[in-house]
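One structure is given below, encoded as C-alpha cells.
Residue numbers run from 1 in the order of the sequence given.
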Amino acid sequence: MSDHQRIHPDPVIPATDLESQHKPTAPLVPRGSSRSDHGNPTEPQPPYQRTIPIQYSKPPKKRHCCRRFLCCILCFFFILIMIVGILAAIIYFGFDPKLPKYSVDGMTITQFNLNNDNSLSAQFNVNITARNPNKKIGISYEGGSRLTVIYMGTTLGQGSFPKFYQGHRNTTVLNIPMTGQTQDATGLLSSLQAQTQTGIVPLVLRAKVPVRIKLGKLKLPKLKPLVRCRVNVNTLAADNVIRIRDSSCSFKFKL
C-alpha cells in the first residue's frame with residue numbers, strides 16, 4: 001500500500017437511524033378510530049344509540065266536541081231569545097195588546113132531578129159575555145173547546161163554545177147549552193139543599209178554548225187560554241128563577 005492510499009472505516013450508523021428504518025411510515029391510528037380515504041384518521045365515533053321519538057299527548061277530541069256543541073246551543077238560545085224579544089216589542093208597541101174579558105150574566109136550568117138509580121141529571125143554559133177590547137187585534141175561536149160547571153169538586157155539566165171570529169172592540173153574548181149526569185148524587189143533593197137555605201150556592205165555570213190571534217193580516221199559532229169563573233147563585237132548583245149574585249173571571253194563556 002502506498003502512502004497515499006487510505007483505508008476508510010465503515011461508516012457507523014447511529015442507533016437512532018436504525019430505529020427510524022424499522023418504524024412504520026404510516027401514522028398510527030388510535031384505537032376506535034377509522035382511516036379516511038386521504039390517509040388521515042377520523043375522529044372516534046360514539047357508540048350507536050337508538051333514539052325514541054317524542055310523542056306529545058293530544059287533548060281528547062270528545063271534550064272539544066262537547067264544548068263546541070254547548071257553545072252552539074247557547075248561541076242558538078241567545079239568538080232565539082233576541083228574536084222573541086224583538087217580536088214582543090213590536091207587538092207590544094205596535095198593537096197595544098189587551099186580554100179579553102168574560103163574565104157570566106145568566107143561567108137557566110131546565111132539568112135538575114134525582115133518578116131512580118140515585119144519579120142526578122142536569123140540563124141548563126149559561127149566558128157568557130166575551131169582550132175583545134183591542135183596537136188592532138182580532139180573536140178567532142177554534143173548535144175543540146170545553147166548558148165545565150163544577151160544584152164542590154163535582155162536575156154537573158159540560159158544553160162547548162161555538163166557532164166564531166171576534167173583531168176589534170167587539171162584544172159577543174154566547175148562550176151555551178150544558179148537560180151532565182152525576183152518579184151517587186144523594187149526598188150531593190143534601191149539600192145543595194143546605195147551601196140553598198143560606199141563599200149562596202158556589203159554582204165554578206172552567207173553559208178551555210183554542211184561539212188564534214190575528215194581528216192585521218197575520219195569524220199567530222193556536223193558543224189554549226184557560227178561563228176560570230167563580231159564580232155564586234141563589235139556587236139550583238129547576239122550578240125557581242136562578243139569580244146570579246156575583247161572578248169574577250180570570251184569564252191566562254196556556255201554550
Check the pair Asp105, Thr129 against side-chain hydrogen bond (donor to acceptor under 3.5 Å, both in side chains), reporting the backbone distance first and the verdict last. CA-CA 7 Å; Asp105 301 326; Thr129 301; 2.2 Å; yes

Take Val204 and Val231 through the side-chain contact (heavy atoms from CB on, under 4.5 Å) test and state the conclusion after the steps. CA-CA 6 Å; Val204 175; Val231 182; over 6 Å; no

Short question: side chain of Ser145, backbone of Val209 - any donor-acceptor pair under 3.5 Å? no

Pair Asp246, Ser248: side-chain N/O donor-acceptor within cut-off below 3.5 Å: no

Within 45° cone and under 6.0 Å: Lys135 NZ/CZ vs Phe95 ring: no

Expected output: side-chain Ser190 to main-chain Thr186 donor-acceptor under 3.5 Å: yes

Can you find a side-chain donor-acceptor pair between Glu142 and Ser140 that sits under 3.5 Å? yes

Exam field: side chain Asn132 to backbone Gly167, donor-acceptor pair closer than 3.5 Å: yes

I would like to know whether Ser121 and Asn113 meet side-chain contact (heavy atoms from CB on, under 4.5 Å); could you show each step before the answer? CA-CA 6 Å; Ser121 297; Asn113 55 352; 4.0 Å; yes

What verdict does the side-chain contact (heavy atoms from CB on, under 4.5 Å) test give for Leu236 and Ile109, after you've listed the backbone C-alpha separation in whole Å, the side-chain angles of each residue and the deciding distance to 0.1 Å? CA-CA 7 Å; Leu236 285 181; Ile109 296 180; 3.6 Å; yes

Strictly by modelled atom types, are Ser119 and Asp184 linked by a side-chain donor-acceptor pair under 3.5 Å? no

Check the surroundings of atom CZ in Arg245: do more than 12 heavy atoms from other residues, nucleotides or ligands lie under 6.0 Å from it? yes

Test log, rule side-chain contact (heavy atoms from CB on, under 4.5 Å), inputs Thr182 and Leu188: CA-CA 9 Å; Thr182 305; Leu188 178 64; 4.3 Å; yes

Report yes or no: does Gln166 contribute a side-chain atom to a donor-acceptor pair with the main-chain N or O of Ala130 at less than 3.5 Å? yes

Are the side chain of Asn134 and the backbone of Lys136 linked by a donor-acceptor contact shorter than 3.5 Å? no

Take atom CZ in Arg212; do more than 12 heavy atoms of anything else shown fall under 6.0 Å from it? yes

For the residue pair Tyr102 and Tyr141, does the interplanar ring angle fall in the parallel (under 30°), tilted (30 to 60°) or perpendicular (over 60°) class? perpendicular

With no hydrogens and no angle check, is any side-chain donor or acceptor of Arg243 less than 3.5 Å from a backbone partner on Thr235? no

